[in-house]
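As structure tokens, the structure follows; a few thoughts come after it.
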There are 2 protein chains.
Amino acid sequence: MASIKDVAASAGVSVATVSRVLNGHPSVSADARERVLAAVAALGYRPNAVARSLRTDQTHTLGLVISDVLNPYFTELARSVEEEARALGYSVIIGNADERPELQDHHVRNLLDRRIDGLLVSPTDGGSPLMLDAARAGTPMVFVDRWIPGVDVPVVRADGRAAVRDLVAHLYGLGHRRLAIIAGPAATTTGSERVEAFRAALAEYGLPLPDARIGQGDFQAESGRRVTEGFLDLPEPPDVVFAADNLMALGALDAVRARGLRVPDDIALAAFDDIPWFVHTDPPVTAIAQPTGELGRAAVRALVDRIEGRTPRSVTLPARLVVRRSCGEPPTPSPVQRSTT
Amino acid sequence: MASIKDVAASAGVSVATVSRVLNGHPSVSADARERVLAAVAALGYRPNAVARSLRTDQTHTLGLVISDVLNPYFTELARSVEEEARALGYSVIIGNADERPELQDHHVRNLLDRRIDGLLVSPTDGGSPLMLDAARAGTPMVFVDRWIPGVDVPVVRADGRAAVRDLVAHLYGLGHRRLAIIAGPAATTTGSERVEAFRAALAEYGLPLPDARIGQGDFQAESGRRVTEGFLDLPEPPDVVFAADNLMALGALDAVRARGLRVPDDIALAAFDDIPWFVHTDPPVTAIAQPTGELGRAAVRALVDRIEGRTPRSVTLPARLVVRRSCGEPPTPSPVQRSTT
DNA sequence: CTGAAAGCGCTTACAG
DNA sequence: CTGAAAGCGCTTACAG
């Protein structure tokens with residue numbers, strides 16, 4: 001592969017001049033510029049980004065560590081992150097932690113070794129020493145979706161409390177009284193916050209949330225299935241299961257179906273995170289929708305602000321309830337927002 | 001961030017010695033090794049992968065250019081690619097082309113500039129000059145899923161012909177005679193091959209495939225919706241719509257639902273590519289399943305073979321029909337494979 | 001076993 | 001406007 005030396009030789013100038021025309025530096029004669037450009041074209045020369053990065057100490061690359069690429073929510077987040085990053089002149093390298101802390105650490109280490117300019121992370125756990133050290137050491141970092149309390153890093157996330165309250169109001173209105181939740185790992189903020197929001201909303205209606213109706217999941221489908229089976233085995237099974245993410249809702253659907261039961265007739269279902277497929281499931285699933293694309297873009301902007309020396313801001317955006325048929329009677333026009341998809 | 005010089009100074013040895021212990025070179029005294037390791041730990045030193053790459057001319061990185069990350073098929077492919085690559089000591093950088101040739105070129109160029117060791121691509125089109133040049137120039141490359149005829153690059157893909165034949169047999173057995181297909185872009189192999197396989201299978205049953213029943217889609221949901229609306233407007237609408245990928249099937253489902261029609265009673269539906277959600281749609285969708293994980297792993301192995309000087313092999317794996325309820329009466333035990341999910 | 005030195009491909013003060 | 005030179009952080013023959 002041709003190097004800058006080859007271009008310089010072919011154009012009859014020094015490598016410094018080649019570098020200058022490539023970087024749009026003003027002080028180059030029109031003549032030199034022309035010869036360099038001709039040589040570049042003739043040789044099909046492309047600058048070596050590795051060498052450039054070593055020299056400039058910038059990679060123009062962002063690392064994104066997410067908990068699970070197979071989760072459509074994170075896939076969409078990753079896509080919006082890449083789009084915004086590209087618009088701002090950055091590439092992104094995605095690390096998929098698969099909800100496994102050690103894999104998360106693997107990716108963080110790999111990304112750091114590659115000297116990415118900044119790190120976007122949706123932590124799978126409470127934060128490994130590696131990640132905390134990186135944050136302390138001043139690696140530009142932004143948390144997105146999930147975050148780690150007590151770490152001085154901007155957070156871009158959705159606040160689902162109002163939407164959870166709307167959901168509980170909807171469920172209560174439908175006559176449901178025994179509500180259950182499939183929670184995510186307590187070590188994640190989204191794992192604990194959603195349970196707390198649910199508990200607080202139930203309290204407003206004087207409804208209990210006994211431990212037996214809090215199932216411990218791990219944000220993966222299989223755990224949704226397992227927890228739902230447990231609920232179904234209860235002497236008094238719940239009227240409704242609220243899954244803290246879309247994959248656990250999928251698992252819950254599997255479990256209900258495996259028993260030959262029907263949603264919502266035998267048991268109602270709602271999910272945190274809305275995805276296109278929820279419109280087409282049997283029945284369509286009532287869900288809490290996050291402004292996913294906006295979160296991804298805001299997170300990139302915050303990170304790039306930090307990288308380029310501006311002051312990054314934390315951002316919290318509201319989630320909203322999308323009523324479909326999985327909790328009972330078809331939605332009727334009401335203050336509660338309906339699906340338009 | 002500490003560099004190798006800092007470690008050398010702190011350990012009282014030369015940078016050469018530090019480099020040797022870091023790379024497991026045998027000729028280092030136990031004493032030196034110990035002092036270096038201690039210094040590394042004390043300083044929290046991590047080798048700069050950028051510098052190492054520049055020097056060794058290897059990045060231990062694979063590029064993966066896929067057509068659409070939001071498509072669960074490609075998401076799963078990307079995941080298996082990353083897993084196998086990691087097992088073999090490589091990282092992967094994903095470029096999402098979004099079915100747009102110019103975006104595909106952007107990513108190929110970016111990846112090449114970063115001097116990735118090899119490129120895995122599922123081309124969105126017939127191949128831009130950039131990609132063809134890279135292949136000709138000897139960039140280690142492997143096509144996965146889709147490929148470009150006439151280019152000397154190994155191909156790892158699924159052969160869906162037998163499964164399409166099984167599908168048509170299934171449809172014919174159910175009494176369907178007017179079959180239609182939503183095709184992908186003719187510029188992609190999967191776009192044209194699936195139509196050809198469908199046409200050939202219909203021919204075996206003496207069924208026609210008039211142009212009016214070949215809708216031109218682009219593998220995205222919106223095109224599936226549009227094409228299906230066209231089919232529904234036909235004087236004689238088809239009995240069955242076969243979508244050449246899962247997203248267009250989603251669009252078709254939308255279109256059918258928007259008309260107040262029902263699947264399979266009013267019109268049957270089948271899709272190429274099986275995804276977990278198809279078990280839960282209303283009705284569950286009959287689909288052709290590719291061995292996605294195996295394809296991703298085989299593609300990585302072929303590419304790494306090529307990179308490391310071994311001879312890569314093309315691989316073709318069979319796809320299989322998974323019968324569900326979207327084409328009519330529930331499946332009964334038969335030679336045709338049933339879903340076990 | 002160990003170190004001095006060259007060199008990977010760039011960029012950028014510095015001098016002219 | 002231009003070039004020679006230093007240097008980014010490594011690795012690796014080469015010599016000892």
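Basis for what follows: all heavy atoms, side chains included, without hydrogens, waters or symmetry-related copies. Residue numbering restarts at 1 for every chain, and letters A, B, ... go by the order of the sequence lines.
Ionic pairing of A/Asp305 and A/Arg313 is not present here: no N-O contact between side-chain nitrogen and carboxylate oxygen is shorter than 4.0 angstrom.
Heavy-atom contacts of chain A under 4.0 Å fall on DNA chain D between two terminal nucleotides, which in 5' to 3' order are D/dC1 to D/dG9.
With DNA chain C read from its 5' end, the first of the two nearest nucleotides for B/Ala32 and B/Ala51 is the one closest to B/Ala32. Between A/Pro26 and A/Val15, it is A/Pro26 whose nearest contact on DNA chain D lies nearer the 5' terminus.
Checking D/dT2 for Watson-Crick or G-U wobble geometry (two distances, each under 3.5 Å) identifies C/dA15 as its partner.
No side-chain donor-acceptor contact under 3.5 Å links A/Asp98 to the backbone of A/Arg100. A donor-acceptor pair is defined here as one N or O able to donate and one able to accept, closer than 3.5 Å; such a pair exists between the side chain of B/Thr75 and the backbone of B/Val69. Judged by distance alone, the side chain of A/Asp133 and the main-chain N or O of A/Leu130 form no donor-acceptor pair under 3.5 Å.
Only the C1' atoms considered, D/dT12 is 16 Å distant from D/dG16, to the nearest whole Å.
Using a 4.0 Å heavy-atom criterion, one finds that A/Asn23 contacts the sugar-phosphate atoms exclusively. Within the 4.0 angstrom heavy-atom criterion, only backbone atoms of the sugar-phosphate kind lie near A/Thr56; the bases stay farther away. Residue-level contact check: A/Ser27 touches the bases, meaning some heavy atom is under 4.0 Å from a base atom. As judged by a 4.0 angstrom heavy-atom cut-off over every strand, B/Ser19 is placed among the base-contacting residues. Within 4.0 Å (heavy atoms only), B/Val50 reaches no atom of the nucleic acid at all.
Counted within 6.0 Å of CG on B/Asp57, heavy atoms from surrounding residues, nucleotides or ligands total 12 or fewer; the atom is thus considered open.
The only member of A/Glu84, A/Arg79, A/Arg86 that meets side chain to side chain contact (heavy atoms under 4.5 Å, CB included) when paired with A/Glu82 is A/Arg86. Only one option out of A/Glu99, A/Gln220, A/Gln104 pairs with A/Ser67 in a side chain to side chain contact (heavy atoms under 4.5 Å, CB included); it is A/Glu99.
The nearest pair of heavy atoms linking A/Leu77 to A/Ser80 is O-OG, 3.0 Å.
The stretch residues 4-11 of chain B touches DNA chain D through B/Ile4, B/Lys5, each having a heavy atom within less than 4.0 Å of the strand.
For A/Asn23 and A/Ser19, the side-chain atoms include at least one donor-acceptor pair closer than 3.5 Å.
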